[in-house]
Amino acid sequence: MKDDEKLLLGIYDCIFKGIMLDPNNEDFLKELISCITSIPVTEFNNMRVENSEYIINNKNDKNMRSDIIVSIGNKYINIELNKEYYDGVFDKSNAYFYRLSDNLYKRGKSYLESGKIIQINFNDFYYFENNQEIYKFVYKEDTTNEILKESEIKYHVNLAYIHDTCYNKSVKSLSKFERYCLLLMAETKEFARTIAGDDKIMKKVSKRLEELSNDEEILGLYDAEVEAEKIRRTQIDGAKIKAMAEGRAEGRAEGIAEGKIEGKIEGKIEGAKESKLEIAKNMLVEKLDISVISKVTGLSIDEINTLKG
């Protein structure tokens with residue numbers, strides 16, 4: 001691979017997991033979590049990567065798989081990568097969070113021993129009004145701003161903002177956290193190596209990105225994710241255009257309220273299931289893993305199995 005050759009982006013699910021779940025990159029995962037949560041790296045000595053199906057209780061939960069779950073003593077950190085925004089994306093992360101919390105309570109000998117959960121969302125889009133790299137959310141009293149001691153903690157990392165404000169800066173001007181995030185968004189081998197510099201941890205990640213970018217199986221998963229993303233965006237854009245056209249045709253004064261338009265958009269997207277089935281059929285032909293097909297199309301495992309000829 002030449003220095004200017006393209007890398008598969010680490011902000012796609014299959015690459016993200018390929019880096020974070022690689023035992024050789026454990027230090028990278030530890031440092032990244034530490035930068036976000038301020039938990040000292042020294043506390044990560046006994047860190048364990050938990051089974052991503054930890055939150056599954058029964059067959060109806062089989063699609064509820066977190067991207068990454070790690071435990072540090074009685075702390076559990078649930079990590080989710082959100083490549084694009086859509087209505088319900090944070091509801092999905094919250095569902096994983098609360099299901100994991102429920103399981104811990106059931107398995108603990110007491111509520112005090114059940115463990116504390118920290119949620120980290122890596123978002124490749126703008127959502128919050130004030131742009132910053134990391135957002136921390138806790139429960140606060142509305143008047144006094146007193147923080148509930150037992151409050152859940154949720155972090156949101158704005159990858160889009162970090163990319164837009166840091167990508168063209170000199171490496172020397174970047175923080176360690178910014179370099180870690182940019183490494184996940186490196187588009188070429190040369191950029192990844194420049195960002196990594198002499199840092200041993202980042203050099204291993206840069207090498208892993210090169211390996212994953214040349215892995216035929218990973219390339220198939222990556223292409224499937226990219227294609228599914230394009231299809232979802234096309235469906236949303238098409239639904240918006242059609243809904244707006246229908247709104248104009250109705251000719252109401254001041255047009256149709258935004259909420260009504262959004263409702264129509266949701267209806268159009270719901271009606272696109274037939275397209276999802278076609279996508280799933282094509283992915284089955286390519287012999288992709290059923291769990292991957294389920295994740296990128298939103299179809300259940302049972303629905304996908306019925307498509308097998």
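In this text, all values refer to a predicted model and were calculated from it rather than measured experimentally. For reference, positions follow the sequence shown, starting with 1.
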Hey, quick one: are Tyr126 and Tyr155 part of the same hydrophobic cluster, counting side-chain heavy atoms closer than 4.5 Å, chains of contacts allowed?
-> no
Which distance, rounded to the nearest 0.5 Å, do you find between the CG of Leu159 and the CG of Leu182?
-> 9.5 Å
Donor-acceptor pair, Asp199 side chain versus Ile201 backbone, under 3.5 Å?
-> yes
For the side chain of Glu43 and the backbone of Pro40, is there at least one donor-acceptor N/O pair under 3.5 Å apart?
-> no
What side-chain donor-acceptor pairs closer than 3.5 Å can you find for residues 133-140, not counting sequence neighbours?
unit_1: Tyr135; atom_1: OH; unit_2: Asn130; atom_2: O; d: 2.7
unit_1: Tyr135; atom_1: OH; unit_2: Gln132; atom_2: N; d: 3.1

Classify the ring geometry between Phe128 and Phe90 as parallel (under 30°), tilted (30 to 60°) or perpendicular (over 60°).
-> parallel
Kindly compute the distance separating CD (Glu26) from NZ (Lys204), expressed to the nearest 0.5 Å.
-> 9.0 Å
Quick one: does Thr194's side chain have a donor or acceptor within less than 3.5 Å of a partner on Glu190's backbone?
-> yes
State yes or no: do Tyr161 and Tyr180 share one hydrophobic cluster built from I, L, V, M, F, W and Y residues joined by side-chain heavy-atom distances below 4.5 Å, directly or via other members?
-> no
Check step by step if side chain to side chain contact (heavy atoms under 4.5 Å, CB included) holds for Lys207 and Asn24.
-> CA-CA 11 Å; Lys207 182 179 178 181; Asn24 290 324; over 6 Å; no
Residues Leu209 and Ile19: closest non-hydrogen pair is CD2-CD1, 3.5 Å
All heavy atoms of Ile39 vs all of Ser34, minimum pair found to be O-OG, 2.7 Å
Heavy-atom pair with the smallest gap, counting every atom of Ile36 and Val157 | CD1-CG2, 3.7 Å
How long is the gap from CG on Leu7 to NZ on Lys189, to the nearest 0.5 Å?
-> 9.0 Å
Check whether any side-chain heavy atom of Leu184 sits under 4.5 Å from a side-chain heavy atom of Met20, and report yes or no.
-> yes
Trace of the side chain to side chain contact (heavy atoms under 4.5 Å, CB included) decision for Ile68 with Phe16 = CA-CA 10 Å; Ile68 299 169; Phe16 186 75; 3.7 Å; yes
In Å, rounded to the nearest 0.5 Å, how long is the span from CD1 of Ile162 to CZ of Phe177?
-> 4.0 Å
Do Lys30 and Ile72 pass the side chain to side chain contact (heavy atoms under 4.5 Å, CB included) test, and can you show the C-alpha distance, the side-chain angles, and the key distance before you say yes or no?
-> CA-CA 10 Å; Lys30 290 178 179 179; Ile72 309 165; over 6 Å; no
Short side-chain to backbone donor-acceptor contact, Asn214 and Glu210, under 3.5 Å | yes
Inter-residue atom distance Leu219.CG - Ser213.OG, 0.5 Å rounding | 7.5 Å
State whether the number of non-hydrogen atoms from other residues, nucleotides or ligands found under 6.0 Å of Asn46 atom CG is greater than 12.
-> no
Indicate the atoms forming the closest heavy-atom contact of Ile120 with Phe122, along with that distance.
-> CG2-CE1, 3.6 Å
Minimum heavy-atom distance Met185-Ile11, with the two atoms named = CG-CG2, 3.7 Å
Hphob cluster co-occupancy, Val41 + Ile118, side-chain heavy atoms under 4.5 angstrom = no
Carboxylate-amine/guanidinium contact Glu211 Arg208, below 4.0 Å | yes
Would you say the side chain of Asn131 lies within less than 4.5 Å of the side chain of Thr165, judging by non-hydrogen atoms?
-> no
Between Cys166 and Leu174, the two heavy atoms sitting closest are CB-CD2, 3.7 Å
Considering only NZ, NE, NH1 and NH2 on the basic side and carboxylate oxygens on the acidic side, decide whether Glu31 and Arg179 come within less than 4.0 Å.
-> no
Crowding at CD, Glu141 (>12 non-hydrogen neighbours, <6.0 Å) = yes
What distance do Arg48 atom CZ and Ser71 atom OG have between them, rounded to the nearest 0.5 Å?
-> 4.5 Å
Are any side-chain N or O atoms of Asp215 and backbone N or O atoms of Ile218, one a donor and one an acceptor, separated by less than 3.5 Å?
-> yes
Do the side-chain N and O atoms of Asn121 and Glu80 include a donor-acceptor pair separated by under 3.5 angstrom?
-> no
List the steps, then state whether side chain to side chain contact (heavy atoms under 4.5 Å, CB included) holds for His163 with Asp124.
-> CA-CA 9 Å; His163 177 277; Asp124 188 33; 5.8 Å; no
